[in-house]
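Data first, discussion second: the structure below is written as structure tokens.
Counting starts at 1 for both ligands and their atoms, in listed order. Computation of the quantities below employed the complete heavy-atom set of this structure, encompassing side-chain atoms and omitting hydrogens, waters and symmetry-equivalent molecules.
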Amino acid sequence: MYKNIRTTVVGSINADMLFHAQRVPECGENLLGTHYSSANGGKGANQAIALSRLGAHTKMIGKVADDENGRRLIENLKKNNVDTSGVYSDGTQTGLAAIIIDGEGRNRIIVYEGANAELTSEDAVSKIDSDTDILLVQFEIPQQTVIDSVKKAVDNKIMSVIDCGPAKAFETEKMQGATVITPNESETYALTGIYPENKDNILKASEILKSRSLAQFVVLKLGANGCSVFDGKELTLLSPYPARVLDTTAAGDSFTAAMALEFYRTGDILKACDMGNKAGSIAVSRVGAQSSMPTAEELLKLK
Ligand code: RIB
């Protein structure tokens, strides 16, 4: 379904440490967890693997260090058929994420950016091929690198998707003209000061993001409430697919990748977001980041 689509991701690559516990510890509390595991992560790498697993040709642009984690993460990208010719391994330390997953599958994440913070605009822009069909970026790399990558996409008429994770204040007005800008609830709050918890707030936040970024579409990922789509005139709310939630890590990454590919394929943003919702519902029903990404066949089966 997405086989001939060429995609490029400019973003982070992290080693994830996952701690499972019934609940998160209080301040000063030492809590026993139930189990732990390590995984390959980073919002950029997660999205690259999601795109590749859905069948697209995918190039990853990012930075790790020449250390054990960095080497393993590059190998893992290759194993998932991601083109790693845009991955630099001269960073000081590979990015690391500590993830706590509570008994309800909700996560709390602390990221040490490491090499991700050293990915310069020049590093990224020089590796974006002008014949790529889609560019995906997130906010886990320096702001200027995101701005210049989006600019290259816009200048070259490449469809571009800005995933606004993790939550932080970012100058969205400096990355104008992308195809889609897509924050989740906490990222929407960080960018607009509005928490999107009802239709009025969703519309207000979407209008702000639209006027600042001049993106064609504002898509808010609303977790258990599905997502919203704003095209500058109309706001549409899309319901999620039911899922037994085990781990929400990377559900947003999975949504963004599926939504981007379906939009490129059909030009229909509502169909695209519905596909994103399907991908998110599969991702939350599995543990881990990259290991939870669905295939195109799995998406098609979900009704
Ligand atoms: O979106 C999930 C990702 O956020 C994790 O894989 C972690 O590395 C952080 O970047």
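- Given atom 6 (O) of ligand 1, the protein heavy atom at minimum distance is D16 OD2, 2.6 Å.
- A cation-pi arrangement, defined by a distance under 6.0 Å to the six-membered ring centre and an angle within 45 degrees of its axis, is present between K127 and Y88.
- For ligand 1 and D253, the ligand atoms under 4.0 Å from any heavy atom of the residue are 1 (O), 2 (C).
- Relative to the ring axis of F139, K168 does not place its NZ or CZ within 45° and under 6.0 Å from the centre.
- Residue A97 approaches ligand 1 through these ligand atoms, each under 4.0 Å from one of its heavy atoms: 7 (C), 8 (O).
- Using a 4.5 Å heavy-atom threshold, the side chains of E29 and R23 count as touching.
- The nearest protein atom to atom 4 (O) of ligand 1, hydrogens excluded, is given as K43 NZ, 3.1 Å; this is a heavy-atom distance.
- Annotation: E140 places an N or O atom under 3.5 Å from an N or O atom of ligand 1; distance criterion only.
- Annotation: atom 3 (C) of ligand 1 to nearest protein heavy atom, N46 ND2, 3.6 Å.
- Ligand-side atoms of ligand 1 in range of G41: 6 (O), 8 (O), range being under 4.0 angstrom from any heavy atom.
- The pair R6-D133 meets the salt-bridge criterion, since a charged nitrogen lies less than 4.0 angstrom from a carboxylate oxygen.
- The shell of residues lying under 4.0 angstrom from ligand 1, judged by heavy atoms, includes G42.
- The aromatic rings of F217 and F263 stand perpendicular to each other, their planes meeting at an angle above 60°, with 30° marking the opposite boundary.
- Checking only distances, I99 never comes within under 3.5 Å of ligand 1, N or O to N or O.
- Below 4.0 Å from some heavy atom of N14 lie the following atoms of ligand 1, by number and element: 8 (O), 9 (C), 10 (O).
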Passes side-chain contact (heavy atoms from CB on, under 4.5 Å), N76 versus N80? Steps please.
-> CA-CA 6 Å; N76 175 61; N80 282 281; 3.2 Å; yes
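- In this structure, E262 CD and L54 CG are separated by 10.0 Å, a value rounded to the nearest 0.5 Å.
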